[in-house]
Amino acid sequence: MHENLVIVESPAKAKTISDFLGKDFIVKSSFGHIRDLAKDDFGIDLKNNYTPKYIIPQDKKNIVNELKSVASDVKLIWLATDEDREGEAIAWHLAEVLSLSPEKTRRIVFHEITHDAIDHAIQNPRSIDQNLVNAQQARRILDRIVGFELSPVLWRKVKPALSAGRVQSVAVRLLVEREREINNFKATSSYRIIGHFNTAKEEKNHPLQAEYNGRPVSREEVLGLLEKCKNAEYVINELTTKPSKKSPAPPFTTSTLQQEASRKLGFSVSQTMSVAQRLYEAGKITYMRTDSVNLSNTALAAAKKVIETEFGNEYSKTRNFKTKTKGAQEAHEAIRPTFINNRSIAGNRQEQRLYELIWKRTVASQMSEAIIEKTTIDIGVSTLEESFLATGEVIKFEGFLKIYLESTDDEDEEQTRDLLPPLKKGDKLEMEKIIATQKYSQSPPRYTEASLVKKLEELGIGRPSTYAPTISTIQNRGYVIKEDRQGKTRNLTVFTLADNNIKETEKTEITGAEKTKLFPTDIGMLVTDFLVDNFANILDYNFTASVEKEFDKIAEGKLEWTGMIDRFYPSFHSQVVETTRSKSKPTGMRNLGNDPVSGKPVYVKLGPFGPMVQIGEASETEKPKFASLLKNQSMETITLEDALGLFSLPRPLGQFEGQEIIAGIGKFGPYIRHQNKFYSLRKGNDNPFTLGLDDAIALITEKRDQDKKKVIKEFPGDKELQILNGRWGPYIQYKKENFRIPKNVKPEDLTREQCIEIVEKAKEKKRKSG
DNA sequence: CAGTGAGCGAGCTTCCGCTTGACTT
């Protein structure tokens, strides 16, 4: 029999520490929270001092029963969950559910998984901190109240199955406000002027590029300026050299890992988390849901040793980073390799790349600063007041840059960072050419998943364990869509001065193109406006920060949790009641102008089936004309012209095989119809207004080919059984249900009997698990 | 499955934070 039971949150952690504890200890995991508020009703007794009604969710019943039975067999139970608010609550729920008596129960915490740390924890047990538990209960109950009272308002006023909450609604608001900033942004242009100079006198010529220290706006100004440059003299006014330093970024937290994996490896936020989870379970990295930048002493020592042997002593500099994030709870270390001396690992490509990124970031954080010398050369022009500036950077000692440089979100302009030629004050330069290129100012950038996480973290909203799920939720609810958008081309004017001649040329550039960015949808914008209008306090960017302060007071024992909730709930609830009673459904209706044919007004609004435009008003005598918006159109930006275009469908394209092809838009998006068959338009060429006859015919023949390939095998005696080719390869369809084919089987060789056997086996398995 | 723009009124949807699998047509 075991003497002791230790309970932690995660099975991987359980496995690791059981190796340290020996045979007197059995270590089990709770798999996170084991109880939650009941879901079928509100889960809180509002009339009885907010008493929570906790239940054990179905998927936790097995583990709870197992823990109960083990707990009854041991002398002492050690609750070793995380030291933060949620961890304390898990410990308390365990004590409650397993009916643990205080005499039999010890609460312990440790911050790193080493023999010493665990020993020390065992020597210094405490009891459950009820204040911390109460802070968690307040947090949980506040979130339930906000979420379960706001969401139904949206069901009634906007659409069923929508949701709102302290975290997700603010995340959407950030996207909506940024989108409007971008829509309202008016680009201005000015000219960037680059001079190309030659330094040659005798032997070797070093070309030198320098930027004019001014940005003229009009073509007249540029031409005047270039005119003055024609016969000017160019002399070096000044040459300054300044030393500077660059320091490494701290080790990874969840949020910074998501950002860098997105920028450097192109991973989505959830992809990063699932790859990290696999690395964690394999014992390759420390825990991946953390807000701490702290490294354990063991890790610091290991990093120092690796750096000194691989790069030399001068590259090593031990640092302790401090967390700056609002509301950080720091129950874990930063994300780092478990064994820092392993520079790479076995695993699939994704695992290797993510591991390598973590390794580099961790090790770089313990390396010396880079020492850089920045040189600026100021080139005077005899006919102008402003001068040309050339900047150069020389790395004198690369330090941490040897392995890692943090990337940034701005796709900023290319900078000249070359080695500068050896020059001195008073040197004369020969002007070879001067190029003035029109440059447009940039709108603020759209958010990526990772940059939205960064922003949420800055605002202290959400936790490492919820960033990825939150990003998924707002997409699943239809508030946000992640996609690419094509840009538009625009013209640029370029003036080149060379050989005393000014030449004007036109260039084009693409602007506004986006790759996997987050865009708010019409519903997302409408819901955000509705919530901001009626629940400004909840949608406030500081709401979380201010309730967190109160949770902290509860945790310190200076505030009573039910009192805190009671100061919030009554007024919030009356806001909900009042909004439900008095506010009409928001439609986002906007007048776009008048229809030139009928003279009637044209509106865009959110209809019962999504965004739509209408011509005329509904009345007893007349029915307005309606049309749905296309997927890539938005209520906020659609023009009268585009709106009127929507009424030109369905549109005949021409004849094919003796019958007309018609283009239109249906329930499932844009389509063409031919011989009573429908074909959905394909991405990239999905505009039914401009689609040509040739494209339509190509689509029809392609689809016919594909349909031929779709059926791999049919069985003459059994019409309900087919082997088909699908998105994930071949599968069996039997009586409208789909079944996988085992990997080692060739689908085309299967007999009817074998198929039925596969079907039966799959059904049997389903019965057992369900 | 490929056009509807309303309101028969049953019963459903939803939050945040802690965890890990099962499984996709």
Side-chain angles (χ1 to χ4, degrees), chain A residues 8-13 29-37 39-40 42-44 57 59-60 63 81-82 84-87 89-90 93 136 139-156 159-169 274 277-278 280-281 287 289 329 331 461-467 469-470 473 477 544 587 605-614 618 623-628 649-650 662 664-673 676-680 710 724-733 736-740 765-766 769-770:
Chain A
V8 295
E9 284 100 332
S10 123
K13 188 170 162 186
S29 142
S30 74
F31 293 82
H33 275 292
I34 53 152
R35 280 206 303 188
D36 191 18
L37 296 174
K39 230 182 137 189
D40 38 2
F42 203 67
I44 304 165
D59 59 334
K60 291 289 163 61
I63 184 68
T81 51
D82 293 344
D84 60 8
R85 205 159 65 199
E86 298 295 329
I90 292 174
H93 281 299
Q136 193 274 346
R139 198 282 303 155
R140 181 68 192 92
I141 282 163
L142 181 88
D143 281 337
R144 169 56 65 86
I145 288 172
V146 170
F148 274 37
E149 293 220 354
L150 280 189
S151 300
V153 179
L154 297 180
W155 305 343
R156 298 183 67 157
K159 199 172 106 159
L162 291 179
S163 65
R166 175 176 60 80
V167 173
Q168 59 170 284
S169 296
S274 74
Q277 175 86 30
R278 290 202 299 273
Y280 168 66
E281 285 171 12
Y287 196 59
R289 291 184 275 263
Q329 305 198 13
I461 298 171
R463 303 279 313 132
S465 66
T466 60
Y467 295 137
T470 300
T473 300
R477 298 278 175 272
T544 292
T587 62
K605 69 176 193 188
L606 187 74
F609 305 111
M612 60 186 256
V613 287
Q614 82 179 50
K623 202 178 156 190
K625 287 206 283 180
F626 301 104
S628 290
L649 297 180
I662 310 279
I665 296 173
K667 231 169 159 174
F668 309 110
Y671 66 89
I672 51 172
R673 199 179 67 206
N676 278 329
K677 273 192 155 171
F678 289 87
Y679 305 85
S680 289
K710 194 186 166 195
L724 301 172
N725 220 341
R727 254 205 292 174
W728 290 291
Y731 66 100
I732 296 172
Q733 188 172 70
K736 302 259 150 97
E737 274 192 280
N738 300 317
F739 303 89
R740 300 165 113 176
K765 207 177 153 192
K766 219 177 181 179
S769 63

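A/S680 places no side-chain N or O within donor-acceptor distance of the main-chain N or O of A/Y671, the cut-off being under 3.5 Å. Side-chain N or O atoms of A/K60 include one that pairs as donor or acceptor with a backbone N or O of A/F31 at under 3.5 Å. A distance-only check finds no donor-acceptor pair linking the side chain of A/T81 to the backbone of A/V8 [under 3.5 Å].
Looking at heavy atoms from C-beta onward, A/H33 lies in side-chain contact with A/Q136 at the 4.5 angstrom threshold. Between A/R289 and A/Y467, every side-chain heavy-atom pair lies at or beyond the 4.5 Å cut-off. At a threshold of 4.5 Å between non-hydrogen side-chain atoms, the residues A/K39 and A/R144 count as touching.
Distance CZ (A/R673) to P (B/dC1): 16 Å, rounded to an integer number of Å. In this structure, A/L606 atom CG and B/dT4 atom C1' are separated by 14 Å, rounded to whole Å. Look at CG on A/D59: it is 13 Å from P on B/dG21, rounded to the nearest Å.
Heavy atoms of A/S30 sit nowhere under 4.0 angstrom from any nucleic acid atom. A/Q136 comes within contact range of no nucleotide atom at all, as no heavy-atom separation falls under 4.0 Å. Using a 4.0 Å heavy-atom distance criterion, A/Q614 is classed as making no nucleic acid contact. Within the 4.0 angstrom heavy-atom criterion, base atoms lie near A/G610.
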(request) Summarise how protein sits on nucleotides 9-18 of chain B as a single string, 5' to 3': B when a protein heavy atom is under 4.0 Å from the base, S for sugar-phosphate-only contact, - for no contact. (result) ----BBBBBB
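Comparing B/dA6, B/dA2, B/dT20 by their nearest atom to the side chain of A/S10 picks out B/dT20.
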